[in-house]
Amino acid sequence: MSKRSATVLALVLALLAIAATTLFSVHLARRQGLEFETGRVLGYARDVLRSSDIAADQFVNAVAMLEAHRSAQPCSDTIVAVMRGLSLISSNLKAVGYVAGDRLMCSSLGKFAEGLPLGPVDTITDRGVALRLDVALEFAGGKRFTVAERDGYAAIVPRDMAIDTTTRQPNVLLATFTPGTGELRSSRGAVKREWIDALGKGTETSFVDGTHLVAVVRSKQYANGAIAALPLANLERQVRASEMLLVPVGVVAGIVLALAILYFARMQLALPAILKVALRRHEFFVNYQPIVDLQTGRWVGAEALIRWRRHTGEMVRPDLFIPAAEDAGLIRLITARVIQLVTRDVAGLFERHAQFHIGINLSSEDLHDEATIERLRRLAADTRASAGNLVIEASERGLAEPQVAGAIVRELRASGLHVAIDDFGTGYSSLSYLERFEFDYLKIDKSFIDTIGTGAATSQVVLHIIEMAKALKLKIVAEGVETRAQADFLRERGVQYAQGWLYGKPMSCEELRAGLAAGNAATAG
Ligand code: G
Ligand code: G
Ligand code: MN
């Protein structure tokens with residue numbers, strides 16, 4: 001990809017990041033607003049229903065009390081007194097009375113000689129309660145009542161009692177209805193009967209209907225239902241309130257993400273130039289990670305791993321800059337620097353530890369460049385390395401053109417260097433490479449070591465790799481060993497060497513020397 005198109009891509013990604021987080025926050029605000037208002041409208045509907053259910057409870061209770069006085073005349077002084085008591089203790093009932101025919105004969109309000117006409121019954125509920133939904137009582141002015149009646153006993157409730165209770169918001173529509181018939185009993189505002197159908201067999205539902213956010217609920221005990229509806233304008237107001245809170249957060253998150261993208265893109269794009277400066281400023285150094293004998297736990301060698309500390313103090317990870325250096329054609333310069341640093345770091349080491357080896361990673365370009373041979377021969381000479389003291393690590397990717405790389409690997413082996421195939425199992429056509437090249441070590445990639453003891457399907461692969469390496473008479477190094485269980489497993493399967501945090505993290509050359517001086521090294525090989 002050209003630098004130009006990479007820049008454009010990064011910019012597009014950055015803009016997308018801002019757009020995506022902004023849209024997401026708008027979506028979130030909408031959902032949160034809807035959730036909030038739905039909760040509110042359901043709350044209103046439940047309040048209304050509770051009021052109706054309390055009235056029904058009190059009515060059932062009153063009927064039971066009056067049934068207990070069956071022996072007395074229904075409109076005797078005794079019974080009317082009981083009725084008075086009942087209406088006094090029943091907060092949601094205005095009066096309790098006795099009905100004969102379609103007339104209220106007596107009630108807690110007194111006796112009516114001829115009886116007061118109530119009009120015909122509108123509905124009989126499934127529990128046998130006869131309901132008159134719109135009754136005018138002559139002494140009560142224009143006020144309308146609902147009269148519930150069973151076995152002659154009746155309760156009188158103001159028709160709008162349930163919906164009068166919740167009036168915190170003036171623009172809320174409220175209604176009560178009879179679930180069986182879907183009839184509205186009372187309503188405030190333009191409530192639609194069709195809304196009841198949305199309830200189906202359930203006891204609660206909420207939905208948006210064109211202009212309103214609607215909640216419909218039904219009693220589990222009584223033939224009572226309630227509706228509450230909020231104009232969508234309320235919802236919009238709530239959504240906007242949520243947006244005020246969430247959208248700025250989303251935008252800021254988007255900007256942070258975009259800046260991160262641009263930062264990394266710029267870093268990647270500018271990396272070749274920065275790498276050259278870093279080489280000039282000697283910002284690279286090498287760490288060494290011990291490789292141990294699994295039988296004795298002693299150090300048999302170490303892998304040289306490059307480190308980059310920028311002049312700003314920031315450490316840059318090799319997985320970031322090595323691929324970039326490879327892309328930019330700068331990896332040979334980096335390898336040359338590593339060889340130079342190792343020359344200095346290991347001076348005198350092999351004289352004291354004749355069996356110790358240092359591993360050096362080579363990239364594809366190194367393995368296709370004759371100059372690498374010369375550099376490594378000089379390293380061997382300068383460090384007085386004997387055969388096997390220096391090991392080059394080549395990944396399968398590094399051996400992409402076997403003709404050229406093969407010739408170089410042969411020459412290096414002829415000069416007494418040993419060769420390890422690195423990150424084994426992560427590349428491709430591993431088998432053909434194993435046959436084509438003469439390797440001394442096979443390094444099993446950490447990803448396979450990680451599967452040991454997990455029961456994952458791929459955990460079998462490590463066994464096959466071990467068998468294959470044995471058949472080819474390769475020494476095996478397990479990479480990334482972190483637990484004793486992994487080490488035990490590998491040792492039992494005949495793996496000789498391991499590298500990993502269990503034994504030691506990459507360390508400075510001083511620490512390596514200190515460890516060797518302390519007797520960590522294998523003495524006889
Ligand atoms: O230790 P660590 O995080 O540094 O290594 C990350 C990756 O960088 C590994 O895959 C390792 O092989 C690679 N790497 C480390 N040092 C070198 C080096 O000197 N040359 C090359 N080509 N790769 C290296
Ligand atoms: O060259 P190679 O790809 O083998 O590089 C080894 C990499 O693995 C380095 O990045 C090194 O720091 C890392 N490494 C070595 N041992 C362990 C380990 O036990 N655990 C983890 N997570 N990483 C390790
Ligand atoms: Mn390696």
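Counting starts at 1 for both ligands and their atoms, following the listed order.
- At a heavy-atom cutoff of 4.0 Å, ligand 2 is contacted by no atom of Asp319, backbone or side chain.
- Of all the heavy atoms of Asp422, the ones lying under 4.0 Å from any atom of ligand 2 belong exclusively to the side chain.
- For Trp308 and Phe321, the distance between ring centers is under 6.0 angstrom.
- Note that atom 13 (C) of ligand 2 has no protein non-hydrogen atoms nearby, at separations under 4.0 angstrom.
- The Ser363 neighbourhood of ligand 1 comprises atoms 22 (N), with distances under 4.0 Å to a heavy atom of that residue.
- Nearest protein neighbour of atom 4 (O) of ligand 2, counting heavy atoms only, is Glu479 OE2, 2.2 Å.
- Residue pairs meeting the side chain to side chain donor-acceptor pair (under 3.5 Å) criterion with at least one partner in residues 15-31, sequence neighbours excluded, are Arg30-Glu236.
- Shortest contact from atom 16 (N) of ligand 2 to any protein heavy atom: Gln289 NE2, 3.0 Å.
- In summary, Arg298 and Asp293 do not engage in a salt bridge, as defined by a charged side-chain N under 4.0 Å from a carboxylate O.
- Counting only heavy atoms, the protein never gets under 4.0 Å from atom 9 (C) of ligand 1.
- Distance check: Asn361 CG to Thr335 OG1 gives 8.5 Å after rounding to the nearest 0.5 Å.
- The closest approach between any non-hydrogen atom of Arg317 and ligand 1 is not below 4.0 Å.
- The pair Arg491-Asp488 meets the salt-bridge criterion, since a charged nitrogen lies less than 4.0 angstrom from a carboxylate oxygen.
- For Ile306, a nitrogen or oxygen atom sits less than 3.5 Å from a nitrogen or oxygen atom of ligand 1, counting backbone and side chain alike.
- Distance from atom 1 (O) of ligand 2 to its nearest protein heavy atom, with residue and atom name: Glu303 OE2, 2.9 Å.
- Ion pairing between Lys470 and Glu467 holds under the 4.0 Å rule for side-chain N and carboxylate O.
- When non-hydrogen atoms are compared, ligand 2 lies under 4.0 Å from neither the backbone nor the side chain of Lys505.
- Note: no N/O pair closer than 3.5 Å links Lys443 and ligand 2 by distance alone.
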- request: I would like to know whether Arg377 and Ser415 meet side-chain hydrogen bond (donor to acceptor under 3.5 Å, both in side chains); could you show each step before the answer?
  value: CA-CA 7 Å; Arg377 278 193 187 139; Ser415 312; 3.0 Å; yes
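- Ranking protein heavy atoms by distance to atom 19 (O) of ligand 2, first place goes to Trp501 N, 2.7 Å.
- The number of protein N, O or S atoms lying under 2.8 Å from the Mn ion (ligand 3) is 4.
- When heavy-atom distances to ligand 2 are checked against a 4.0 Å cut-off, Gln499 has no atom that comes that close, whether in backbone or side chain.
- Between Phe207 and Trp195, the two ring planes are perpendicular [angle over 60°; tilted spans 30° to 60°].
- One finds no salt bridge joining Glu37 and Arg237 here, because no Lys/Arg side-chain nitrogen approaches an Asp/Glu carboxylate oxygen to under 4.0 Å.
- Looking at atom 20 (N) of ligand 2, its nearest protein heavy atom turns out to be Glu482 OE2, 2.5 Å.
- Residue Pro506 touches ligand 2 through its side chain alone, judged by heavy-atom distances below 4.0 Å.
- Within ligand 1, the atoms closer than 4.0 Å to a non-hydrogen atom of Val338 are 19 (O), numbered from 1 in the order shown.
- Shortest contact from atom 21 (C) of ligand 2 to any protein heavy atom: Lys446 CE, 3.0 Å.
- Using a cut-off of 4.0 Å between Lys/Arg side-chain N and Asp/Glu carboxylate O, Lys192 and Asp209 are scored as salt-bridged.
- Asp345 and Tyr288 share a side-chain donor-acceptor pair at under 3.5 Å.
- Any N or O atom pair closer than 3.5 Å counts here, and Glu326 shares no such pair with ligand 1.
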message: Between Gln289 and Glu303, is the side-chain hydrogen bond (donor to acceptor under 3.5 Å, both in side chains) condition met? List the steps.
response: CA-CA 5 Å; Gln289 187 178 31; Glu303 175 177 3; over 6 Å; no
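- Contacts between Asp423 and ligand 2, counted as non-hydrogen atom pairs separated by less than 4.0 Å, involve the side chain only.
- You'll find the ring centres of His357 and Tyr441 inside the 6.0 Å limit.
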